[in-house]
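Right, one structure below, let's go through it.
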There are 2 protein chains.
Amino acid sequence: MAIDTRERLVNAASRLFRRQGLAGTGIKQILSEANAQFSSLYHYFPGGKDELAADVIRASGLHYQELVEAVWDAAPDVVAGLNDIFKGAASVLEATDYADACPIATVALEVASTNEPLRAATAEVFDAWTDRGTARFASAGIGAAEARRLTLAVIALLEGAFILCRATRSTEPMVSAGEAAVAVVRRAFGSLEADPNAAARTLSTERC
Amino acid sequence: MAIDTRERLVNAASRLFRRQGLAGTGIKQILSEANAQFSSLYHYFPGGKDELAADVIRASGLHYQELVEAVWDAAPDVVAGLNDIFKGAASVLEATDYADACPIATVALEVASTNEPLRAATAEVFDAWTDRGTARFASAGIGAAEARRLTLAVIALLEGAFILCRATRSTEPMVSAGEAAVAVVRRAFGSLEADPNAAARTLSTERC
DNA sequence: GTCTATAAACCGATAGAC
DNA sequence: GTCTATCGGTTTATAGAC
């Protein structure tokens, strides 16, 4: 039960931070939602709110990465998986009244110029996502440098679409972003070989 | 001098909101940076912080739109202008130590699920940007529906790249996002006509 | 580890003199 | 319109009993 308290704190804070941001979420609200006490928070996180936030950023960043990778793994090929990721993001947005998007984006913008340790934590998360995406594209046959460029563009499309969707309460930007992501990645696969048949074979089982 | 006070308040708040967010910026800090008094703020904005924030969102959103459109107008064609916009964003990020990015993104994420009037204000800004971009692509010969999809993808790329760049303190994501933006838009121009020579003519004067 | 009580600072907002 | 003083509430964080 003691260990549970720490987990409940992280989960509650994660849920609140991504909806209200870091500065917009009070410790009392976190404690209330986690059914925990002041003493528990400062017992597990002697550094207070910032130490909790650093843990939340790393934990929710990794959790979201695993979620996305699971969707990607379930797809028949890289491009189809990419399509599923954007479609899934749109579904979650609709299902949660545009509350659940990127778990760290709001906090990342808040701390980028105000809290160096937390900024570094968000950078670690984005770097990990970038490395994993790059490896995935590379293992599908795209050169390392191009794979990294593609990954950065795809993450940017996803993050930017989250902002537009949440602000306008519409999934339309996520749909357009997904189409663009598929287009740029498909283009990279297409230019892999001069022979268009070879490229077609690589993508032969894709869904979309 | 009285009118100046209102303008100083909006400018100071705009500068602070985009760096620290809405919840992370106190009224006293705004007053201090604007060299203004409590009474001035509540004189010009009887609704307090929220009314000031609504004004800041609309003003800075419009200002950024005009800035981007000026860059776009100065370019020889649509694709070259797009390239200039992303290159310019990267330059500003570097010049400001990754502080000056989108003027409303941080606030937009903060208020999306917590403050309906301010969320609506951010939606108005993004809708205006979307309409202007759509009109620009459409006047360059792309169909209205496709022009809108392209615009949403381009704005998402820019906004997402801002997050990644600020978090990682690197312009690399903005460069990759710019390349992707150019690629998807060029692709739309390329499929305008089956005749590749005609498409080449359309883009013949582009820089990049 | 958990609980209660509280410190010390800061928050947005307002009152009233001038 | 501007200034000073302050209200009432909330913030993060800590102290000390159990």
Side-chain angles (χ1 to χ4, degrees), chain A residues 1-57 106-107 109-111 113-119 121, chain B residues 1-57 106-107 109-111 113-119 121:
Chain A
M1 191 58 94
I3 294 293
D4 266 315
T5 302
R6 200 195 124 104
E7 205 177 329
R8 286 203 313 275
L9 283 170
V10 173
N11 288 341
S14 174
R15 197 166 353 111
L16 291 167
F17 286 168
R18 79 186 147 197
R19 284 171 170 78
Q20 312 176 341
L22 177 65
T25 302
I27 285 189
K28 290 186 179 177
Q29 191 180 8
I30 298 171
L31 294 175
S32 169
E33 296 231 353
N35 246 325
Q37 304 291 334
F38 264 93
S39 45
S40 298
L41 193 153
Y42 287 95
H43 173 71
Y44 294 111
F45 304 94
K49 192 185 191 183
D50 278 11
E51 190 176 337
L52 171 63
D55 211 81
V56 166
I57 289 166
T106 310
V107 176
L109 286 180
E110 284 184 282
V111 303
S113 303
T114 61
N115 188 317
E116 178 56 20
L118 293 186
R119 188 231 105 223
Chain B
M1 190 56 93
I3 292 292
D4 266 315
T5 302
R6 201 196 124 104
E7 204 176 330
R8 286 203 313 275
L9 283 170
V10 173
N11 288 341
S14 175
R15 198 169 349 111
L16 291 167
F17 286 167
R18 79 186 147 197
R19 283 171 170 77
Q20 311 177 341
L22 177 65
T25 302
I27 285 190
K28 290 184 180 176
Q29 192 180 6
I30 297 171
L31 294 175
S32 168
E33 297 231 353
N35 246 324
Q37 304 291 333
F38 265 93
S39 46
S40 298
L41 193 155
Y42 287 95
H43 173 71
Y44 293 112
F45 304 94
K49 193 185 191 184
D50 278 12
E51 190 176 338
L52 171 63
D55 210 82
V56 166
I57 290 167
T106 310
V107 175
L109 287 179
E110 284 183 282
V111 303
S113 304
T114 60
N115 189 317
E116 178 55 21
L118 293 186
R119 188 232 106 222

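Reminder, nothing fancy here: chain letters follow the sequence lines and each chain counts from 1.
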- Task: Rounded to the nearest 0.5 Å, what's the gap from OG1 on T114(B) to CD on Q20(A)? Could you check?
- Result: 7.0 Å
- Message: Tell me the interatomic distance from F45(B), atom CZ, to dG1(D), atom P, rounded to whole angstroms.
- Response: 13 Å
- Task: Could you state the atom-to-atom distance from CG of L9(B) to C1' of dG1(D) in whole Å?
- Result: 13 Å
- Query: Just one of Y42(A), F45(A), Y44(A) clears the side-chain contact (heavy atoms from CB on, under 4.5 Å) bar with L52(A), so which one?
  - Reply: F45(A)
- Note on the structure: Whole-Å distance, H43(A) NE2 to dT14(D) P, equals 15 Å
- Message: Nearest 0.5 angstrom please: L109(B) CG to L22(B) CG, how far?
- Response: 12.5 Å
- Message: Without decimals, in angstroms, what is the distance between K49(A) NZ and dA13(D) P?
- Response: 8 Å
- Item | Between dG12(C) (P) and L16(B) (CG): distance, integer Å | 12 Å
- Query: Roughly, in whole Å, what's the span from CG in L41(A) to P in dT4(C)?
  - Reply: 16 Å
- D50(B) CG to dC11(C) P, in whole Å, measures 16 Å
- Message: N11(A): which residues meet the side chain to side chain contact (heavy atoms under 4.5 Å, CB included) condition with it, sequence neighbours left out?
- Response: E7(A)
- Query: Got T106(B) and R18(B) here, is their nearest side-chain heavy-atom distance under 4.5 Å?
  - Reply: no
- Message: If you define the side chain from C-beta out and look only at heavy atoms, does anything of R6(A) sit under 4.5 Å from D55(A)?
- Response: yes
- Item | Nucleic acid contacts - residues 27-39 of chain B versus DNA chain D, non-hydrogen atoms under 4.0 Å | Q37(B), S39(B)
